[in-house]
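Below: one structure, written as structure tokens.
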Amino acid sequence: MSIKVLIVGSGGREHALAWKIAQSPQLEKLYVAPGNAGTGKWNIPIAVNDLDSLVKFAQKEQIDLTVVGPEEPLSLGIVDVFKEAGLRIFGPTQAASQLEGSKAFAKTVMDKANIPTAKWAVFEEPLQAKDYIKKIGAPCVVKADGLAAGKGVIVAEDLKTALDAVDEIMDGKFGNAGRKVIIEEFLEGQEVSLLCFADGVTACPMVPVQDHKRALDGDQGLNTGGMGTYSPPPVWNSSIEQIVCQDILKPTLEVMKQMGIPFQGVLFIGLILTQSGPKVLEYNVRFGDPETQVVMARLQSDLLSVLWACTEEKLAEVELKWSDEMAVCVVMAALGYPQTYEKGILLQLPQIVGTEGIVFHAGTSFENGKLVSSGGRVLGVTSWGKNLVEARKNTYALVERIDFPRSYYRHDIGSKGL
Ligand code: AMP
Ligand code: GLY
């Protein structure tokens, strides 16, 4: 088959997807909208939320398969719009995207499917939320219901922080996303991201990944979109995977189907491995960033065939093959990220020989023919090795060879797994 593919997005995740899809023997032509400097040769200048122009482009170029990276176009309904236009697209519908778009919706699905998760309650009135917090006490977790760019979750160690968090979320700063507030039991354990392919009926987990959400070494500093990943984390094992598949993944798909909103796309399960077993912290409805960078580095199967099979409801016929090597991705960010940071910094990347690694671009672009930074998370330096020590050594060796003034990165990606 010769397939024309359009990838929607512009981050490190999309560069990793493009890198993998470009290796497919099935590929005829690839486009990335709008992409970054790393995906330059495939880019078309259409924004991820410009659904009209994306549909028109896909029709004009006779795109056979569109793959959506970020949550924004998904929650805007890009999948519904494409399907209505008779275009094949990989991703969940707007209704199914509520698994990420509304934490109250996600929790309702978890309860229906009897899925292990933190005890919770949802409120529209700040006073009631505060009464509930006083009843359960601290520590607890206060969350905005809707999408809040990763800033809507406050893990409160004391009562005052929790009570203040309710005001902060509900005083309008988050708009509609803060109309409802969720209060959750505080859970303890190591976190693991499990991305799963899903075709509406069947789901198949990818390899497990551990992300590093805080900006600084030792899990200090502000929350970010993710400062680095590695796979697989040694806390994971086949018995945990079996429990997650049986008690979490399968029932989630079943309940979504029963509700009339089958889930097709990537179901990203944010897990916490507690003393009483794995529990769900959250669902995302898309590939993770920077989880995808290490997952793609380890995927040996043809990604394009897997995505195609999902859109045909034939995932059950696919066998995924993974490399036994460990992979590590270190994000290089502009100083100041996730708050204000400089853009337009000149970047110089080393020549990479053979299979020593890959530098995935995120916030990069070309200005007057020069490679410059254009975002907070700029590069996702990724490499691998036969064990974690070697994979970290190879990745950090590559980081050292990158010329990126006024940047920072974490030095401890993967060290939890050593
Ligand atoms: P979420 O976006 O819901 O995954 O929350 C973001 C981060 O907050 C998670 O990755 C956890 O580190 C933390 N978190 C969320 N919910 C809980 C919880 N119930 N107990 C402990 N930590 C949590
Ligand atoms: N790295 C976490 C996410 O993609 O949401």
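Computed from a predicted model, the values in this text were never measured in an experiment. Counting convention: from 1, in listed order, for ligands and their atoms alike.
Look at R286 and E71 and you find a salt bridge, because one of the NZ, NE, NH1 or NH2 atoms lies within 4.0 Å of a carboxylate O, short of that distance.
The contact set between ligand 2 and D211, taken as ligand atoms under 4.0 Å from a residue heavy atom, comprises 1 (N), 2 (C). In summary, the atoms of ligand 2 found under 4.0 Å from a heavy atom of G225, numbered by their order in the structure, are 1 (N), 2 (C).
The nearest non-hydrogen atom to atom 18 (C) of ligand 1, considering only T117, L147, D211, V141, comes from V141. Closest to atom 11 (C) of ligand 1 by heavy atom, among E188, R214, K143, E191, is E191.
When heavy-atom distances to ligand 1 are checked against a 4.0 Å cut-off, V153 comes that close only through its side chain, counted from C-beta outward. Within the 4.0 Å heavy-atom criterion, the part of E185 lying near ligand 1 is the backbone and not the side chain. When heavy-atom distances to ligand 2 are checked against a 4.0 Å cut-off, N284 comes that close only through its side chain, counted from C-beta outward. Under 4.0 Å from ligand 2, the heavy atoms of R286 that appear belong solely to its side chain. Counting heavy atoms closer than 4.0 Å to ligand 2, residue K213 contributes nothing at all.
Of the polar atoms of F186, none of the N or O atoms is found under 3.5 Å from an N or O of ligand 1, judged by distance alone. Remark: ligand 2 and G288 share no N or O pair separated by less than 3.5 Å (distance only, no angle test).
Aromatic rings of F123 and Y132 (six-membered ring for Trp) have centroids within the 6.0 Å cut-off, being under it. Between Y408 and Y337, the ring centre distance reaches or exceeds 6.0 Å.
Remark: the backbone N or O of K321 is paired with a side-chain donor or acceptor of S301 at under 3.5 angstrom.
Here the options are P92, P73, S102, the test is side-chain contact (heavy atoms from CB on, under 4.5 Å), and the partner is S97; only P92 passes.
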Intermediate values then yes/no, side chain to side chain donor-acceptor pair (under 3.5 Å), E100 and Y283: CA-CA 6 Å; E100 176 167 356; Y283 296 114; over 6 Å; no

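Classified by interplanar angle (parallel below 30°, tilted 30° to 60°, perpendicular above 60°), the ring pair F287/F90 is tilted.
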